[in-house]
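A quick write-up on the structure given underneath.
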Amino acid sequence: MNSPVMRRVLAGLAAAVLAVIYVPLILVVVNSFNTSKVFAWPPPSFTTQWWVRAWESSGAREAVWVSVRVALIATLIALVLGTMASLAVQRFTFFGKDTVSLLIILPIALPGIVTGVALKNAFVSVMGINLGFWTIVVAHATFCIVTVFNNAVARLRRLGVNLEEASMDLGAHRWTTFRLVTFPMMRSSLLAGGLLAFALSFDEIIVTTFTAGEGIQTLPIWILQNMFRPQQAPVVNVVAAVLILVSIVPIWLAQRLGGDEGVPAAH
Amino acid sequence: MAASSPGYRKRLASLLAPPMLWLGVAYLGALAALFLTSFWTVNAFGTGEIEQVWNLDNYRALFTISVYRTITLRTLAIAIGVTVIDALLALPIALYMAKVASPRARKWLVIGVLMPLWASYLVKAYAWRGLLSDAGPVAWLLRPLGLDTPGYGLTATVITLAYLWLPYMILPMYAGLERLPDSLLDASADLGARPWLTLRRVVVPVLWPAAVAGSIFTFSLTLGDYIAVKIVGGANQMLGNVVYDNSGVAGNLPFAAAVAAIPVVIMVVYLALVRRTGALENL
């Protein structure tokens, strides 16, 4: 394994795989300046007009705003529920602990269409609710809990209970201990988990198509609906390029936060 | 901290109740309702209204109408293809990251593999729609070699899904290999094994559970997807398309529910099969 030939072969193959990962993304960014509307390659010439049109596209801007609001509320719910579940699992012993962990993973472990159609059926047929903004939020919160939970559990396990016990031995009540000892030590892991939850929600498309109301467009839905329209394709391409460039931000943030798990869960 | 004291129980209950009401009652309830719905039918007038009469018509249709068998097998074949391609692509880079790269390079490689996970799903599928288009880069690259872009179809679907889920295969493989002590590789080499033999006899047995763990992701994600095939799959349909198309206003929600049971059954069978490999501890 350590022979120089093997090392070089592996390095070459690894570089090739990295190229496979990145070349398509780079091409999308380059193509956003392509004058051709059909991704003609090599580009006949370059233009910034699609960027101007995308900036002026009110549909895209509204969709971004919807996505941001959905993701923020879903993340907030996931933070509260995920933190509670992580404390229960890590600081208590009880029968059925594994079932709790399993239940939290289930919404992302099951194929997306299953969660999507199950929630749609529950909203529309069982509860008689019209699909709209809040049905998306509820659906997203359901599969976002796991990212917060995973990060918080990993942190709580690593922290141990010594400091919490010391705090209570010194006379602090449970709530004071949580507020002044446990929570500050969990904070960066909750930020990392919340960041993942936000990204997961912002990007989700499959469950969203099942649970979004008629007039509501999240950004992924806007992209999907406009992708097949020849007139809109270049604008979609600019939005795609922006999303690629923006995706560098959370990675940079996650590195700085030093979250326990930098892996976004499957959606 | 006595586990039986009333205060302990009360605190546990208050922490556990909200998440369990959300997931245990609402979400599991929705899944149960979906399962029950699959035994009902819509009325014959095509208004999409559900009649709560218990029968097995939906499941009978799934088994007897050949198009659904075709779609199920096609979806399964796509999932297998995607998993195999991802495993083959992930092996060299995971091996390089875990066993060859310097700690500094390793850190950057992990970031490099993680970054695309943050890039939007749709953007990545859209990228391949562009890449594989008739005038696109793949055609431009391959035509001088006498080849051509595969165009939009099943090949494009497999390529796109494999691209989408590749990080989910690389990361467990990398984590599995990182646990493999270097001394085992050295010992194998000292005992005279050539690199290829070491790979086959030392690395692969350690890698297997990790690869299976990755395959759970690639399998489940592929079975649950219907967007990629819409974007690059031409007229082809996967199970997800049948579920989605039947869940609409004019559709047949009970039938959609029955179709949605197929990927669940496949995943349960798959998980039962791979339990023995120890892959579930690798997740």
Side-chain angles (χ1 to χ4, degrees), chain A residues 1-3 6-7 10-11 13-14 17-18 21 24-25 27-28 31 38-42 81 84-85 87-88 92-94 103-104 107 109-114 117-122 125-126 142 145 199 203 205-206 209-210 220 223-224 227 240 243-244 247 250-251 255 262-264 266, chain B residues 3 12 15-16 18-19 22-24 27 30-31 33-34 37 50 89 92-93 95-96 99-100 111-112 114-123 126-128 130-131 133 135-137 140 166 168 171 185 189 195 198 217 220-221 223-227 240 243-244 247 253 256-257 260 263-264:
Chain A
M1 194 59 55
N2 275 322
S3 74
M6 193 70 174
R7 292 171 77 100
L10 273 180
L13 288 174
V17 173
L18 270 183
I21 293 175
L25 299 177
L27 284 177
V28 169
N31 193 50
V38 292
F39 214 149
W41 200 265
L81 296 178
M84 292 175 108
L87 286 168
F92 292 81
T93 45
F94 57 95
L103 206 52
I104 288 170
L110 283 181
I113 48 164
V114 177
V117 75
L119 290 173
K120 178 171 187 169
N121 180 49
S125 309
V126 180
T142 304
I145 297 173
D203 186 35
I205 176 72
I206 291 179
T209 55
F210 283 94
I223 293 176
L224 187 62
M227 192 186 284
L243 285 178
I244 289 170
S247 67
I251 271 287
Q255 281 308 112
V263 192
Chain B
L12 173 62
L15 277 177
L16 216 46
W22 191 291
L23 292 168
Y27 180 62
L31 290 176
L34 182 72
T37 306
I50 296 170
L89 288 177
I93 190 163
L95 202 52
Y96 183 80
K99 291 296 157 217
V100 181
I111 297 175
L114 278 175
M115 206 290 269
L117 280 180
W118 293 90
S120 161
Y121 167 96
L122 277 174
V123 169
Y126 174 80
W128 282 97
L131 277 164
S133 70
W140 170 74
L166 180 59
Y168 294 103
L171 291 169
L185 302 179
T198 306
F217 288 116
S220 174
L221 288 166
L223 292 179
D225 194 278
Y226 77 99
I227 304 279
V243 174
Y244 183 76
S247 76
L253 202 54
V264 177

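Below, chains carry the letters A, B, ... as their sequence lines are ordered, and counting in each starts from 1.
Rounding to the nearest 0.5 Å gives a distance of 12.0 Å between CD1 of A/Ile223 and OH of B/Tyr121. Remark: A/Ile206 CD1 to B/Asp225 CG distance equals 4.0 Å, nearest 0.5 Å. With rounding to the nearest 0.5 Å, the separation of CZ in A/Phe92 from CG in B/Leu15 is 5.5 Å. Atoms OH and CD1, from B/Tyr226 and A/Ile113 in turn, are 9.5 Å apart once rounded to the nearest 0.5 Å. Distance check: B/Leu253 CG to A/Asn121 CG gives 4.5 Å after rounding to the nearest 0.5 Å.
For A/Pro111 against B/Pro263, the heavy-atom pair with the smallest separation is CG-CB, 3.8 Å. Of all heavy-atom pairs spanning A/Pro220 and B/Leu122, the tightest one is O-CD1, 2.9 Å. Annotation for B/Gly136 and A/Trp41: closest pair C-CB, 3.7 Å, computed over non-hydrogen atoms.
B/Ser120 places no side-chain N or O within 3.5 Å of a backbone atom of A/Asp203 that could act as its donor or acceptor partner.
Between A/Leu110 and B/Leu31, the closest side-chain pair of non-hydrogen atoms falls below 4.5 Å. Taking 4.5 Å as the limit, every side-chain heavy atom of B/Tyr96 sits out of range of all side-chain heavy atoms of A/Val17. Two residues are said to be in side-chain contact when any heavy atoms from C-beta on lie closer than 4.5 Å; A/Ile145 and B/Pro19 fail this criterion.
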Test log, rule side chain to side chain contact (heavy atoms under 4.5 Å, CB included), inputs A/Leu13 and B/Ile93
CA-CA 7 Å; A/Leu13 288 174; B/Ile93 190 163; over 6 Å; no

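Of the two parts of A/Val28, only the side chain, counted from C-beta on, holds a non-hydrogen atom closer than 4.5 Å to a non-hydrogen atom of chain B.
B/Trp22 pairs in a side-chain contact (heavy atoms from CB on, under 4.5 Å) with only one of the listed residues (A/Leu81, A/Ile104, A/Leu103), which is A/Leu81.
Counting heavy-atom pairs closer than 4.5 Å to chain B, the top residue among A/Asn31, A/Leu224, A/Ile244 is A/Leu224.
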